[in-house]
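A, B, ... follow the sequence lines: proteins, then strands. Residue 1 opens every chain. Any value given below was found using the heavy atoms of this structure, including those in side chains, with hydrogens, waters and symmetry copies removed. Only a predicted model underlies this, so the values are computations on that prediction, with no experimental measurement involved.
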Protein chains: 2
Amino acid sequence: MTPPKLLDEAALKERELLIINSAVLLIQTNGIENLTMDKVVAQVPFSKGTVYKHFIGKEDLLLAISNYSIKVLGDLFYRAYQFKGCARSRMLLLNFSYLIYAMLYPALFQCVMCSKSPNVVGKSSEKHINEGELLEVKLMTSIHGIVEDGLNDGSLSLPLNMDIQQICFSNWSMAYGAITLLSGEVEQCSGRTSLIVERELFNHSNLLHDGMGWQPLSKDRNHCAELKTALAELFPEELMQIKAKGRELNFESFS
Amino acid sequence: MTPPKLLDEAALKERELLIINSAVLLIQTNGIENLTMDKVVAQVPFSKGTVYKHFIGKEDLLLAISNYSIKVLGDLFYRAYQFKGCARSRMLLLNFSYLIYAMLYPALFQCVMCSKSPNVVGKSSEKHINEGELLEVKLMTSIHGIVEDGLNDGSLSLPLNMDIQQICFSNWSMAYGAITLLSGEVEQCSGRTSLIVERELFNHSNLLHDGMGWQPLSKDRNHCAELKTALAELFPEELMQIKAKGRELNFESFS
DNA sequence: ATAATATGTGACGATTCGTCACTGACGAAT
DNA sequence: ATTCGTCAGTGACGAATCGTCACATATTAT
């Protein structure tokens, strides 16, 4: 065999990314439930021992994929954060960027959902668990930025007994809960429920932001029309790719 | 070997429950990540083939445990639904009953979280997947009842463009999102975040219900004091058991 | 009494996991 | 130039787990 050169951090990182991308391809091809370390090893140009140097097992690999895809999501969040428009509208846009992400990258979205599951966390390395926590904090920075903008321009005031971090968390947990519980409706309408994930996300966002007294309130502004325009302007590529998959954001049901 | 008598539905159900309870004990002892079919088989008084007659694999067993524990959760929800007090307070109480459930039955709570994970669902039987969906619908009946009571007594009006099912869903997804994302804080304060699961659940419930215009609004009523009283009255046994575990609901941080 | 059916069993082969003795490149010491 | 120690990859191997099915026995139908 050909022994390797001494490794540096960049080379290690690159190899880890190669393994992750191979695993994502396998998930797309065979389904996440059929992912095994042996199958991943068969796909990459290194040995089993080398793969086990990066990940302590399948669950750790799933968590690493989730971490990697949280970075992708963070980019979408950041784009929403940077977009024009009032703070509240940008927060709604950010919430929808999570849904767009889930529609666009179903395999990655599945890994994100797995990463919260105790049977996955329980078999993951401290390294990847800690990395995931840091990434979730970083995910919050765009949310934090939008909330700060709202506080600064006076469209939002901190509710009694709540600090900015709690506001951020409530928004994230609302989006996370709604999209996770309706994950079966993300790729296409399953027919199993009358709930429509984009409509419920929209309504739930509005209830939460109205509850915060975040202006303009729902009774004062048609957030839906503005959201459609903003999505078309910020995510034209993404919306086209989603459309190419046979899925289109459904606004008829609530505008 | 001793061949069995012809089976009836009740006997099958009883045996399935025995397997489930054995698996829960194993989860409590070894952790959910170490559960295997071979270990479960070693614990029950039947053969491997018999266990495989009930569950197609480990993931299917996890989903069946989740379904079983959703029934336990449904009982708590129903108790909250039946409690005295205004509709909004009862909904807050119901949300907290999910947290109490998570604190009281961590192994079952972990199974509920696993049940949403794609790598578990992907390896589960249609029977248990369908059963789970029906149970989630049944879980909604108590939520539905409280919302109807609110609509009937005028404390709540349907928000524009939303029906009663969507209201129910938004409450459930809020509770689900908050408790799942802070699942690391349920059994004890991890020190990894300043967020406190009971405080965030309380605040998020209030934001959502205020957003719905559900009276009495947060600015008009101290929901916290009423919640403490109601919890002490409805769940005294449960709160004592939680205290015996070294965990106590933390109200100092937000009253 | 006999044949068909129902149901449980656990040995077995397959798959997957996770490790480690072995290998060769590289750099330091002589 | 040679030798030795270190570094890092390898994939055969044994262990663990999965999932099945030929076999055994009781029950039911003929």
Inset, instruction - Name every residue in residues 30-39 of chain A that has at least one heavy atom under 4.0 Å from any atom of DNA chain C, in order of residue number, or write none if there are no such residues. - result: A:T36, A:M37, A:D38, A:K39
Legend entry - Salt bridge present between A:K48 and A:D38 (N-O < 4.0 angstrom): yes
Legend entry - Full working for side-chain contact (heavy atoms from CB on, under 4.5 Å) between A:I146 and A:S142: CA-CA 6 Å; A:I146 296 179; A:S142 296; 5.6 Å; no
Legend entry - Salt bridge present between A:R247 and A:E198 (N-O < 4.0 angstrom): yes
Legend entry - Charged N-O contact under 4.0 Å between B:E248 and B:K243: yes
Legend entry - Short side-chain donor-acceptor distance under 3.5 Å, B:T141 and B:H144: no
Inset, instruction - Using the criterion of both pairing distances under 3.5 Å for Watson-Crick and G-U wobble pairs, give all stems of 3 or more consecutive pairs involving DNA chain C. - result: C:1-30 with D:1-30
Inset, instruction - Start with the C-alpha gap between B:L35 and B:L62, add the side-chain angles, then the distance that decides, and say whether side-chain contact (heavy atoms from CB on, under 4.5 Å) holds. - result: CA-CA 9 Å; B:L35 184 76; B:L62 280 177; 3.9 Å; yes
Inset, instruction - Give a yes or no on whether the ring-centroid distance for B:F169 and A:H204 is below 6.0 angstrom. - result: no
Inset, instruction - Answer yes or no: does a side-chain N or O of A:S47 lie under 4.0 Å from OP1 or OP2 of D:dG11? - result: no
Legend entry - Which residue lies more 5' along DNA chain C, comparing B:K53 with A:Y52 via nearest heavy atoms: B:K53
Legend entry - Within residues 54-64 of chain A, residues whose heavy atoms come under 4.0 Å of DNA chain D: none
